[in-house]
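Contents: one structure, followed by commentary.
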Protein chains: 2
Amino acid sequence: MFPVNEDEMARSQWIEDLEWVRPGLQTRSQQTQAKLLDAAAELFAAKGLAATTVADVAARAGCTTGALYHHFKDKQALLFALLQRTSEEYRATIQAAVDPARWEGARCLEILRAYLEFSLETGRNRPVSKGAAIEVAREDEGFREHLAELRSELNEGLLALLMARRDEIGHPEPETAAKFVLDVLGSLISTRLDELLLPTFLADRPDAEFVDEALTAAAAYLGLRTD
Amino acid sequence: MFPVNEDEMARSQWIEDLEWVRPGLQTRSQQTQAKLLDAAAELFAAKGLAATTVADVAARAGCTTGALYHHFKDKQALLFALLQRTSEEYRATIQAAVDPARWEGARCLEILRAYLEFSLETGRNRPVSKGAAIEVAREDEGFREHLAELRSELNEGLLALLMARRDEIGHPEPETAAKFVLDVLGSLISTRLDELLLPTFLADRPDAEFVDEALTAAAAYLGLRTD
DNA sequence: ATTATCTATAGATCTATAGATAATGC
DNA sequence: ATTATCTATAGATCTATAGATAATGC
């Protein structure tokens, strides 16, 4: 291929504490910031990053670009703050979801079903500026690592839940099989949520059928004992 | 949600014959057009659509914006022409790949292995401006339909190959099972090719291992007779 | 003679800032 | 008194065009 950047690759700009976001001392300030992030989330998801101007975001949030720039250093800072907020919500959700205490007494299939149903619902109802995230991930190593870490938290959490129930699994190599099943389910969910580029046979069937089909296949592959 | 367009949704601009591309009567002209499309493919894939200026494309193709605009009505025409060229190549590849004559005497597993290996190799070596395609697909119904048709040609072709070998399939509902397996393999490939947002357990294992694992799972689910 | 390319730039955005005005809370 | 917001606009891009120059092929 060819070099993306003429000069040397820029170092990661993704850091946990965003000093380019004004702390926001007044209540009003925090409300405006939240509104700006909400607006950015919707617009980036609907129109894409480049097609959304800072004026669009400000207008949708009910303020002006001047106010926007009071809160965020520049357009990228707005984007990063949005990605970070989304990230934090996502991480909290994951941690609650894979908490072993929450699933005491549950069987593998129950856990996997909840994973599928919850992922589909969340993916449907929350605007995610996937394109924007891809653009940042393409250029920012730090953000890529952050994403990998998040995903790993989910994957490893689910894996631990399954492994704690390894006596349910008939497959001769439970761990390898479980990892593969999690890869498959993750891929299926992601494809189903983003039908634009990759239509599937199951695309026009209802979610319930998709979930059942996926679970049946997972159970068969893992060799889950129905007891 | 909220309306993406203030006015009514624009009608599809994706049509098969692009009248906004100059026919190109001289040999030189066709070469320049090809170079411009090559340049656009590389730059859109590497930097994204919005971050690539028409001047970038022209420079990479070794000409100037003036020449570019001689060939293409505007930036969108360049993009559409690129998507169309890619599409045509893809369709030709698909048609050759799922031609029943080509697979005479082959077993299901052989076909599926070729599908996996070929998709991975192609996806790796050819720059695809996925982001650009997503942006067009988001706004253009006609292009979405076109994509669905392409994908369907691949899916249906593969399905026909498998169904012609339904005696190999032990699963009680061979067609349903085959469709599901094709969905799963398609999703896995797509995820593996685009690791940016969705890291998997198998991500850091070599392709060969990924392919074997996927095929083993497919064979188990379909209940493929090993003869 | 016609087609393709280049040079130079007008016009349209869009980002980001400076300076004025309004709201907050000690 | 400090923080937040608004108004107005300078400066930076980028698209697309007009008009001049160069290459092609009948």
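Convention: sequence-line order gives letters A, B, ...; per-chain numbering from 1.
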key: Duplex segments of DNA chain C, taken as runs of at least three Watson-Crick or G-U pairs that stay under 3.5 Å   = C:1-24 with D:1-24

Length of the NE2-C1' vector between A:His71 and D:dT3, whole Å = 10 Å

request  = Evaluate whether atom CD of B:Glu104 has more than 12 neighbouring non-hydrogen atoms of other residues, nucleotides or ligands under 6.0 angstrom away.
outcome  = no

Please list, pair by pair, any protein nitrogen or oxygen found under 3.5 Å from a nitrogen or oxygen in nucleotides 6-11 of chain D.
residue, atom, partner, partner atom, Å
D:dC6, OP2, A:Thr64, N, 2.9
D:dC6, OP2, A:Thr64, OG1, 3.2

inquiry  = Check this for me: does any side-chain nitrogen of one of A:Arg144 and A:Glu141 sit under 4.0 Å from a carboxylate oxygen of the other?
reply    = yes

Whole-Å gap separating P (C:dG19) and NE2 (A:His70) = 17 Å

ask   = Looking at A:Arg192 and B:Asp183, does any basic side-chain N land under 4.0 Å from a carboxylate oxygen?
value = no

ask   = Do NZ/NE/NH1/NH2 and the carboxylate oxygens of A:Asp38 and A:Arg60 come within less than 4.0 Å?
value = no

ask   = Taking the side chain from A:Ser190 and the backbone from A:Gly186, do they hold a donor-acceptor pair closer than 3.5 Å?
value = no

query = Quick one: B:Gln31 CD to C:dT3 P, roughly how many Å, whole number?
reply = 18 Å

key: Pairs flagged by salt bridge (charged side-chain N to carboxylate O under 4.0 Å, His left out) wherever residues 124-136 of chain B is involved - sequence neighbours left out   = B:Glu89-B:Arg126, B:Arg124-B:Asp207, B:Lys130-B:Asp194

request  = Grab the CG-C1' distance between B:Asp56 and D:dT13 for me, whole Å please.
outcome  = 12 Å

request  = Taking all heavy atoms of B:Ala217 and all of A:Phe180, pick out the closest pair and write down the distance.
outcome  = CB-CE2, 3.2 Å

ask   = A:Leu68 has an atom CG; how far is it from atom C1' of C:dC14, in whole Å?
value = 13 Å

request  = Sugar-phosphate atoms are those with a prime plus P, OP1 and OP2; base atoms are the rest. Using that split, label each nucleotide of nucleotides 21-26 of chain C B, S or - for protein heavy atoms under 4.0 Å, 5' to 3'.
outcome  = --SSS-

ask   = Looking only at side-chain N and O atoms, does B:Ser29 come under 4.0 Å of OP1 or OP2 in C:dA4?
value = yes

Could you pull out all donor-acceptor pairs under 3.5 Å where a side-chain atom in residues 74-81 of chain B meets a protein atom, sequence neighbours excluded?
residue, atom, partner, partner atom, Å
B:Asp74, OD1, B:Gln76, N, 3.3
B:Asp74, OD1, B:Ala77, N, 2.9
B:Lys75, NZ, B:Leu49, O, 3.3
B:Lys75, NZ, B:Thr52, O, 2.9
B:Gln76, NE2, B:Gln13, OE1, 2.6

ask   = Side chains of B:Ser187 and A:Thr191: is there a donor and an acceptor less than 3.5 Å apart?
value = yes

inquiry  = Distance alone, cut at 3.5 Å: any donor-acceptor contact between the side chains of A:Thr32 and A:His71?
reply    = no

request  = Rounded to the nearest angstrom, tell me the gap between atom CD in B:Gln30 and atom P in C:dT5.
outcome  = 11 Å

Contact list for residues 111-143 of chain B, test ring-ring contact (aromatic ring centres under 6.0 Å, His included), sequence neighbours left out = B:Trp14-B:Phe143

